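Written out below as structure tokens is the structure these notes cover.
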Number of protein chains: 2
Amino acid sequence: MLNGRTPSVKDVAAAAGVSLGTVSNVMNRPEVVSARTRERVERAMSELGFVRNESARQLRAGTSRTLAYVMLDGTNPFFHDVAQGIELAAEDADLSLFICNSNSRSAREAVHLDRLLQQRVQGILITPVDPAAPHLDELTRRGVPMVIVDRVRGADSCCSVAVDDVLGGRIAVEHLAEQGHTRVAFIGGPESLGQVRERLAGAREIWESLGRDPEDLVYLPTEALTVAEGRTAGERLAGLPTRRRPTAAFCANDLLALGLLQQSIGAGLRVPDDLAIVGFDDIEFAAAAAVPLTSVRQPRQELGRAAAQLVLDEATNPDHRHQQLQFTPELVARASTANRARVL
Amino acid sequence: MLNGRTPSVKDVAAAAGVSLGTVSNVMNRPEVVSARTRERVERAMSELGFVRNESARQLRAGTSRTLAYVMLDGTNPFFHDVAQGIELAAEDADLSLFICNSNSRSAREAVHLDRLLQQRVQGILITPVDPAAPHLDELTRRGVPMVIVDRVRGADSCCSVAVDDVLGGRIAVEHLAEQGHTRVAFIGGPESLGQVRERLAGAREIWESLGRDPEDLVYLPTEALTVAEGRTAGERLAGLPTRRRPTAAFCANDLLALGLLQQSIGAGLRVPDDLAIVGFDDIEFAAAAAVPLTSVRQPRQELGRAAAQLVLDEATNPDHRHQQLQFTPELVARASTANRARVL
DNA sequence: GGCCGTCTTTGAAATGTTTCAGTGACAGTA
DNA sequence: TACTGTCACTGAAACATTTCAAAGACGGCC
């Protein structure tokens with residue numbers, strides 16, 4: 001008898017007058033059990049309020065019904081959108097999702113990974129602090145399916161999903177050039193981030209291929225990709241002598257762009273007339289800004305969904321091959337770069 | 001021998017030349033095993049790369065080392081801040097955290113809860129679609145520790161953590177009155193949300209206690225608490241005849257306020273001179289807006305942390321008593337309501 | 001030498017599920 | 001009647017850990 005205990009298959013079996021195995025069959029291969037017994041077992045289950053114990057199932061099965069996403073920065077909505085995409089895919093596969101946040105700290109990341117290993121998750125999606133960190137190799141060594149999100153890792157050592165950041169940089173700056181800007185700032189940092197390097201590289205590439213003077217693409221480094229750093233960059237921009245001051249800024253992400261926008265408007269500048277701004281990511285708040293932000297869109301949810309599918313393939317398909325999926329970013333033009341009355 | 005398999009306690013025991021029980025003791029009560037054997041076992045563990053199997057531990061222990069948060073709306077950063085607070089508390093207690101998102105849909109919520117039940121999570125934190133939903137009673141009936149976040153549920157049937165929304169409404173409108181506004185709009189909805197009702201109630205309460213005409217507190221209902229609805233409300237506001245048009249708006253949350261701000265500025269209004277705006281929650285983006293938003297702050301992380309502590313108390317303390325924790329909101333005044341040159 | 005107490009270590013049971021070889025029962029066929 | 005095959009169900013083993021009573025080792029003391 002169950003006294004307070006939550007009922008187990010055994011209790012259900014007793015109540016329905018069948019064996020353990022039959023109850024299990026009702027849950028896992030209903031087609032092999034006769035309609036009459038199945039019904040009887042199902043009634044017993046609902047009468048007892050039976051709920052499958054996932055730990056026991058997993059212990060026996062050797063594998064859990066769980067995925068995990070270790071995100072890089074919980075204060076950036078971009079990552080939550082990615083997580084949302086992952087969750088949808090997990091839902092489709094009837095899996096649960098652990099969400100962890102490393103907050104850009106490698107030690108925290110390691111702690112999370114260790115816990116996830118103990119949980120025997122089916123796969124790990126991660127936007128790592130450092131794609132080359134040894135604790136990531138550890139995962140591959142153990143054979144845990146892993147997908148890097150929004151970063152790439154050399155040598156096909158695992159799957160990854162990202163956007164073509166170089167291209168993103170190109171289309172942003174190309175757009176500004178088309179709008180007639182001849183002096184443009186690139187705002188972003190630290191350079192240790194692959195994204196920042198590549199977006200800058202793309203910007204420079206197109207700038208020079210348009211025959212512009214490299215000097216006219218001003219690099220304003222920041223210490224992080226945050227709203228506060230965007231404001232600071234705005235102040236530095238305002239401090240430049242008028243002749244050298246860019247009329248447009250391309251920010252390495254939307255948080256910087258929002259900070260820059262706020263600072264500029266507060267200082268009495270008109271956007272886009274005095275300063276045009278392009279962001280990157282196209283988070284919801286870019287479109288919601290007082291002056292809606294032009295931004296290079298990443299397919300955020302799609303990124304997450306694709307990553308989840310890759311990790312599931314690695315987990316279930318024996319001839320899985322690692323892939324480096326690369327999505328194409330897309331410029332979304334809004335008011336912050338609207339064509340101005342050209343006075344050259 | 002382990003061929004590819006991930007090593008178990010048994011393998012460690014064999015490698016170290018001790019029994020299973022001793023290995024377990026090394027992990028769980030190191031003080032009872034002699035220094036020499038402990039060291040030997042630890043070496044074996046690290047040589048084999050042993051990682052505890054959490055499912056097996058949990059199966060035997062009967063309880064998992066896992067918490068869960070079911071959030072209401074993943075597009076609102078407010079809930080992610082709450083989640084962040086929960087995660088910090090979970091981390092302190094060495095627990096993992098499942099994060100789910102019901103997206104305001106009751107069916108999804110039920111699906112998530114069912115899965116969490118199967119996982120035998122230690123406790124569930126939830127911001128429910130409907131605090132009176134029967135699947136929540138189900139949880140209490142089963143004895144799963146549960147805490148309602150940012151809502152209250154009658155009858156002390158479980159713990160809850162929230163902010164005093166009536167007070168929040170009062171301080172917001174009181175602030176606007178102090179700034180000299182004599183016609184104020186309340187923007188929010190649907191009224192089925194407890195928060196909306198209470199914030200409105202607080203607004204009305206203080207308005208009347210200041211001796212103002214109830215007619216001068218205009219209620220503009222919305223269909224949801226989103227940026228888009230905020231814009232729509234802005235259009236409706238602009239459509240009012242000048243004499244009846246409020247000079248200030250109190251929005252039921254920051255997303256509405258951001259939408260309203262965007263629409264207003266786009267329409268050429270000056271904020272705060274033509275329209276003052278107060279939001280609610282004080283999410284990061286409120287401070288980051290082009291015109292920094294005045295907002296009623298909820299201690300978002302603190303809310304999550306407190307909720308996690310309550311659920312842990314319920315899970316571990318036999319004489320746990322349900323509590324309804326209520327935090328005090330606080331007005332954060334910024335430019336969107338800055339004192340204007342008074343022309344009465 | 002026998003007894004006692006302390007400190008370590010052991011071995012077996014128990015947790016809830018899934019799987020799989022095996023057992024009956026029953027109908028159809030020779 | 002005996003054989004074959006199909007269908008529905010059973011029973012026991014296995015998964016990796018924790019717990020706990022019991023056993024063993026060792027030294028001190030009478």
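Letters A, B, ... mirror the listed sequences (proteins, then strands); counts begin at 1. None of the values given here were measured: they were computed from a predicted structure.
Remark: A:R105 does not engage A:E109 in a salt bridge, criterion side-chain N to carboxylate O under 4.0 Å.
Looking at the side chain of B:V33, the nearest of the listed nucleotides C:dG16, C:dT9, D:dT18 is C:dT9. Nearest nucleotide to the A:S8 side chain, out of C:dT18, C:dT17, C:dT9: C:dT17. Comparing C:dT18, C:dT19, D:dT19 by their closest approach to the side chain of A:R52 singles out C:dT18. Set against C:dG16, C:dT10, D:dT18, the side chain of B:M27 has D:dT18 as its closest nucleotide. Of the candidate nucleotides C:dG16, D:dT18, C:dT18, C:dG16 has the atom nearest to the side chain of A:N53. Here the nucleotide nearest the side chain of A:A56, chosen from C:dT10, C:dT18, C:dG16, is C:dG16. For B:L59, the side-chain atoms get nearest to C:dG16 when compared with the rest of C:dT10, D:dT17, C:dG16. If you check C:dG16, C:dA14, C:dT10 against the side chain of B:R60, the one that comes closest is C:dA14.
In this structure, B:T37 reaches the C:dT9 phosphate: one of its side-chain N or O atoms is under 4.0 Å from OP1 or OP2. At C:dT17, none of the side-chain N or O atoms of A:S24 fall inside 4.0 Å of OP1 or OP2 (strictly under the cut-off).
Using a 4.0 Å heavy-atom cutoff across all strands shown, B:S34 reaches sugar-phosphate atoms only and no base atom. When heavy atoms are screened at a 4.0 angstrom cut-off, B:V23 is found touching no nucleic acid atom at all.
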Item to check | side chain to side chain donor-acceptor pair (under 3.5 Å) between B:H322 and B:D156, worked out | outcome: CA-CA 6 Å; B:H322 290 323; B:D156 298 346; over 6 Å; no
Checklist entry - Step by step, would you call B:S160 with B:Q324 a side chain to side chain donor-acceptor pair (under 3.5 Å)? => result CA-CA 5 Å; B:S160 69; B:Q324 327 289 129; 2.9 Å; yes
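For the side-chain contact (heavy atoms from CB on, under 4.5 Å) criterion with B:V41, the lone passing option out of B:V18, B:V9, B:V33 is B:V18.
Residue whose closest nucleotide on DNA chain C sits further toward the 5' end, between B:S19 and B:A61: B:S19.
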